[in-house]
Amino acid sequence: MKALFYSLAVSLSIVVLSCTQDVGTVNVSYTKAIALYGDLGAIRQTPLVDRARDIVNPGKIFVSENLLIVGEEGEGVHVFDNSNPENPKNVLFVNIPGNKEFYVNEERLYGESYYDMVMIDISTISQPVLVSRIENVFSPEIYNDQGEALIGFRFEDVTEKLDQSESYYHLISQNTVNYFDYNDILIPESSVPASFAGNSKEGIGSVNRMAYYNDHVYVISKAFLSSFKDEGALELLSSERIGQEMETIFPHDQKLFIGTRNSMEVLDVSNPGHPQHITSFQHANACDPVYPVGEVAYVTLRAGDGTETNCPGTQNALLVLDIKEINAPKQFQEVPMESPFGMTMIADKLYVGEGNNGLKVFDATDRLNLVLENWDKSIQAYDVISHPTRPDILLVAGPDGLNQYSIEADSRQLLSSVSF
């Protein structure tokens, strides 16, 4: 597929600085999206296993009883031996070029690699094996005139002299962002700096773009839901545009709960190969995960502060929704927050990460009526989950790395840290 990227490098904002003496031209300053290309064939032949290395740009985190996996944005995953939670050991690196999101189900790791979906056998962690790859599942390959594939964009603030009669100038002057469908189809970077990957254990994180239910894998981009069947090898069943600005997906009670920037969407997967939309709950424009527990769903709304995230809106809150009647969710409570990110329930306590503003613990004995029990401002928490096999350990993803805390007797004691 050939494509011209003259109209893909477009404006996020524009300021006209001055007119030149040449009739019809003007100097403009704007943010330019510059297409990046690579040899996709060579990328797909990248050796899977590499030596252990330092974490530079962390992404998703997976924790099991004996294993810790930390994503390296756009490159792959770091694998740690976590059999001793007080001293995790860096073992190896798994190359997954272009990867931003992954999901672990038992002995399999699923992840995207630019245009492709891959499944890796991690039953013998020292010898991971690529067992399935579906090429071009998220988008057809897009090439430049040199036969190189589009693999992303970089952004640069520029000042250029443009002819006002050209279409490129008009795109910029209209503040238009036009990424073809590339930006909607492929998985974007998360608005959460560090978060826990989806997994088949009880300790699933609330900030994910992949979910697993009944031998099916579901992946959301900004606008598309892709459904895969896993029977030893992956099979793409469907890829449909179902919304916009989707951010998180969480499986619960034969349903998928999807958090978008202005709603909670619920899909029925009782027939797992064919998700069907059930209902929507609209809320203020913000970044948010959705976390269903029993007949209640918790939704965090986070406004952008110009530093940690690029989120819209001005509202920071925790919404409590009654979903007993799934066709008509009802809001029962709105809790003011500072900058809420991920959350998890352990026993009758709801833990909510507040980013640089700490960690909040709510008494959730009454699931519809949260009561703030503790606010620890000494902990920086983007995402939180319980340890999958140790209910006395709380896992916290923060700006400096992964921290493992003992939470016995309502107190938190730091057990270990993996620095990023």
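Taking every heavy atom of both residues into account, I323 and G294 meet most closely at CD1-O, 4.0 Å. Contact record, I61 with A397: CD1-CB, 3.8 Å, taken as the closest heavy-atom pair. What you find for K222 and R209 is that their closest heavy atoms are N-NH1, 3.9 Å. Residues I407 and R412 approach most closely at CG2-CG, 3.6 Å, considering heavy atoms. Taking both residues in full, the closest heavy atoms of S417 and N403 are given as OG-OD1, 2.5 Å, listed atom of the first, atom of the second, then distance. Residues V352 and P340 share a closest heavy-atom pair of CG1-CB, 4.2 Å.
Annotation: H277, atom NE2; neighbour count of heavy atoms from other residues, nucleotides and ligands within 6.0 Å is above 12. Remark: E325 CD is loosely packed, at most 12 non-hydrogen atoms of other residues, nucleotides or ligands lying under 6.0 Å away. Applying the 6.0 Å contact sphere to CD of Q254 captures more than 12 heavy atoms from other residues, nucleotides or ligands. No more than 12 heavy atoms of other residues, nucleotides or ligands lie within 6.0 Å of CG in D54, so this atom counts as exposed by the packing criterion.
Using a 4.5 Å heavy-atom cutoff, the side chains of I393 and L415 are in contact. Inter-residue side-chain proximity for P289 and M343 is flagged as met; some heavy-atom pair is nearer than 4.5 Å. Residues L267 and I278 have side chains not in contact (no heavy-atom distance under 4.5 Å, counting atoms from C-beta outward). Residues L321 and F332 are not in side-chain contact: their nearest non-hydrogen atoms beyond the backbone lie 4.5 Å or more apart. When side chains are defined from C-beta on, V320 counts as touching V296, because their heavy atoms get closer than 4.5 Å. Taking 4.5 Å as the limit, every side-chain heavy atom of N82 sits out of range of all side-chain heavy atoms of L67. The side-chain heavy atoms of Q404 and P88, taken from C-beta on, include a pair separated by under 4.5 Å. The closest side-chain heavy-atom distance from N316 to L301 is not below 4.5 Å.
E354 has no carboxylate O lying under 4.0 Å from a charged side-chain N of K377, or vice versa, which leaves the two without a salt bridge. Remark: R133 engages D116 in a salt bridge, criterion side-chain N to carboxylate O under 4.0 Å. Salt bridge annotation for R367-D348: present, with a cationic side-chain nitrogen under 4.0 angstrom from a carboxylate oxygen. Using a 4.0 Å cut-off between a side-chain N of Lys or Arg and a carboxylate O of Asp or Glu, K100 and E72 do not qualify as a salt bridge. Electrostatic pairing of D230 and R108 counts as a salt bridge here, judged by a charged N lying under 4.0 Å from a carboxylate O. Salt bridge status for K360 with E338: present, with a side-chain N to carboxylate O gap under 4.0 Å. With respect to E101 and K60, a salt bridge is recorded, a charged nitrogen being found less than 4.0 Å from a carboxylate O.
Using modelled atom types, no side-chain atom of N144 and backbone atom of A149 make a donor-acceptor pair closer than 3.5 Å. The backbone N or O of G342 lies less than 3.5 Å from no partner atom in the side chain of S206, so there is not a single donor-acceptor pair. Q333 places no side-chain N or O within 3.5 Å of a backbone atom of L319 that could act as its donor or acceptor partner. A donor-acceptor contact shorter than 3.5 Å links the side chain of N99 to the backbone of E112. For S263 (side chain) and T260 (main-chain N/O), no donor-acceptor pair under 3.5 Å exists by modelled atom type. S132 contributes no side-chain N or O that, together with a main-chain N or O of A233, makes up a donor-acceptor pair within less than 3.5 Å. When atom types are taken as modelled, the side chain of N95 and the backbone of P47 share a donor-acceptor pair closer than 3.5 angstrom. When atom types are taken as modelled, the side chain of D81 and the backbone of S83 share a donor-acceptor pair closer than 3.5 angstrom. In this structure, the side chain of T300 engages the main chain of F341 through a donor-acceptor pair within 3.5 Å. The backbone N or O of D322 sits nowhere less than 3.5 Å from a side-chain atom of K324 that would complete a donor-acceptor pair.
Q276 and D268 share no side-chain donor-acceptor pair at under 3.5 Å.
The aromatic ring centres of F250 and Y291 sit less than 6.0 Å apart.
For K89, the salt bridge (charged side-chain N to carboxylate O under 4.0 Å, His left out) test picks out no residue, with sequence neighbours left out.
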Residues 121-130 side chain polar contacts: donor-acceptor under 3.5 Å, at least two apart:
from: D121; atom 1: OD1; to: S123; atom 2: N; distance (Å): 2.7
from: D121; atom 1: OD1; to: S123; atom 2: OG; distance (Å): 2.7

Take N90 and R53 through the test side chain to side chain donor-acceptor pair (under 3.5 Å) and record every step on the way to the result.
CA-CA 8 Å; N90 198 345; R53 64 196 201 195; over 6 Å; no
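A parallel orientation is assigned to the rings of Y218 and H216, their planes being inclined by less than 30° (bins at 30° and 60°). Taking the six-membered ring for Trp and thresholds of 30 and 60 degrees, F93 and H78 have ring planes more than 60 degrees apart, a perpendicular arrangement.
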